[in-house]
Amino acid sequence: FFAVPSSVAAAFAIGLANGAVLNFLPIYGLSINFTMADAVALLAIAHFGGLTLQWPLGLISDKVGRRAVMAIALIVAAVVSLLISLTSSGSENLVLLLIFIWGGTGLSIYSIALSHAVDHFEGENMVNVCATMLIIWSVASVIGPVAGGILMEKYGSGALFYFSAF
């Protein structure tokens with residue numbers, strides 16, 4: 001995977017962030033005084049963002065390059081994570097919009113990273129590439145919730161999205 005370090009780094013980073021956020025998003029919602037139903041709906045909104053933006057981001061990455069789209073999506077997801085942390089109280093609609101954007105960018109990055117990795121390999125290596133990328137993402141997705149939970153316990157619910165931004 002020395003040929004695609006950006007894919008490996010992106011898969012690991014997004015595994016950390018997505019693992020933590022998707023596991024603790026309802027708890028975060030409750031901590032900012034959302035109702036139980038609205039707190040759980042945050043998950044649906046994040047996933048709907050990913051569903052909505054994954055295809056256009058993939059098409060854009062076909063045209064302008066996968067690394068550029070990965071980098072921009074990572075930056076947008078990080079900035080939106082910071083905005084979510086700073087907007088934890090107040091406008092519920094703003095939080096919902098930001099969660100949609102976070103999901104649209106953050107949940108789309110893995111597929112672009114995988115596509116970038118696949119672009120550099122051929123034939124029978126494809127299964128190994130996909131499996132390795134999945135393992136990298138999965139390991140990070142296990143570490144992310146543990147780290148995110150520890151940070152939330154120590155620094156409060158806003159730490160979840162600071163962790164995502166980092």
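All values below come from the heavy atoms of this structure, side chains included, with hydrogens, waters and symmetry mates left out. In this chain, residues are counted from 1 in sequence order.
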Value for CG (Leu16) from OG (Ser141), rounded to nearest 0.5 Å, stands at 7.5 Å
In a table with atom names and distances, give each donor-acceptor pair under 3.5 Å that connects a side chain of residues 34-41 to protein atoms at least two apart or in another chain.
from, atom 1, to, atom 2, distance (Å)
Thr35, OG1, Asp38, N, 3.1
Thr35, OG1, Asp38, OD2, 3.3

With Thr87 as partner, the option from Ile32, Leu94, Leu82 fulfilling side chain to side chain contact (heavy atoms under 4.5 Å, CB included) is Leu94
Shortest non-hydrogen pair, Ser164 vs Ala17, comes out as OG-CB, 3.9 Å
>> Quick check on the hydrophobic clustering: are Ile45 and Leu30 connected, directly or via other members, by side-chain heavy-atom contacts under 4.5 Å?
In response: no
To the nearest 0.5 Å, atom CG of Leu86 lies from atom OG of Ser81 at 11.0 Å
Shared hydrophobic cluster for Ile84 and Ile27 (ILVMFWY, side-chain gaps under 4.5 Å):
yes
The side chain to side chain contact (heavy atoms under 4.5 Å, CB included) partner of His120 among Asn125, Val129, Val4 is Val4
Ser6 and Arg67 have their tightest heavy-atom pair at OG-CD, 3.3 Å
One should read off an interatomic distance between Asn18 CG and Ser108 OG, to the nearest 0.5 angstrom, of 9.5 Å
Minimal heavy-atom distance between Asn23 and Gly19, with the atoms involved, is ND2-O, 2.6 Å
Identify all side-chain donor-acceptor contacts of residues 46-58 below 3.5 Å with residues at least two apart in sequence or on another chain.
from, atom 1, to, atom 2, distance (Å)
Thr52, OG1, Phe48, O, 2.7
Gln54, NE2, Ser111, OG, 2.8

Value for CG (Leu22) from CG (Leu42), rounded to nearest 0.5 Å, stands at 11.0 Å
Students should find that the hydrophobic cluster of Val146, defined by side-chain heavy atoms under 4.5 Å apart, otherwise consists of Ile150
Rounded to the nearest 0.5 Å, the CG atom of Leu160 sits from the OG atom of Ser85 at a distance of 7.5 Å
Can you find a heavy atom in the side chain of Phe100 that is under 4.5 Å from one in the side chain of Thr105? no
Ala11 and Ala113 have their tightest heavy-atom pair at N-CB, 4.4 Å
Self-check item: Any Trp137 side-chain heavy atom under 4.5 Å of Ile14 side chain
Solution: yes
For Leu97, the side chain to side chain contact (heavy atoms under 4.5 Å, CB included) test, sequence neighbours excluded, returns Ile101
From the list Phe166, Tyr155, Tyr28, ring-ring contact (aromatic ring centres under 6.0 Å, His included) partner of Phe161 resolves to Tyr28
Residues at least two apart in sequence or cross-chain that pass side chain to side chain contact (heavy atoms under 4.5 Å, CB included) with Leu114, listed by chain then number, are Tyr110, Val118, Cys130, Met133
Original post:
Do the side chains of Leu107 and Leu59 join up, straight or via other hydrophobic residues, at under 4.5 Å, putting them in one cluster?
Top reply: no
The side chain to side chain contact (heavy atoms under 4.5 Å, CB included) partners of Asp119 (sequence neighbours excluded) come to Arg66
So CG of Leu151 and CZ of Phe24: to nearest 0.5 Å the spacing works out to 10.0 Å
Query - Shared hydrophobic cluster for Val79 and Leu98 (ILVMFWY, side-chain gaps under 4.5 Å) - result: yes
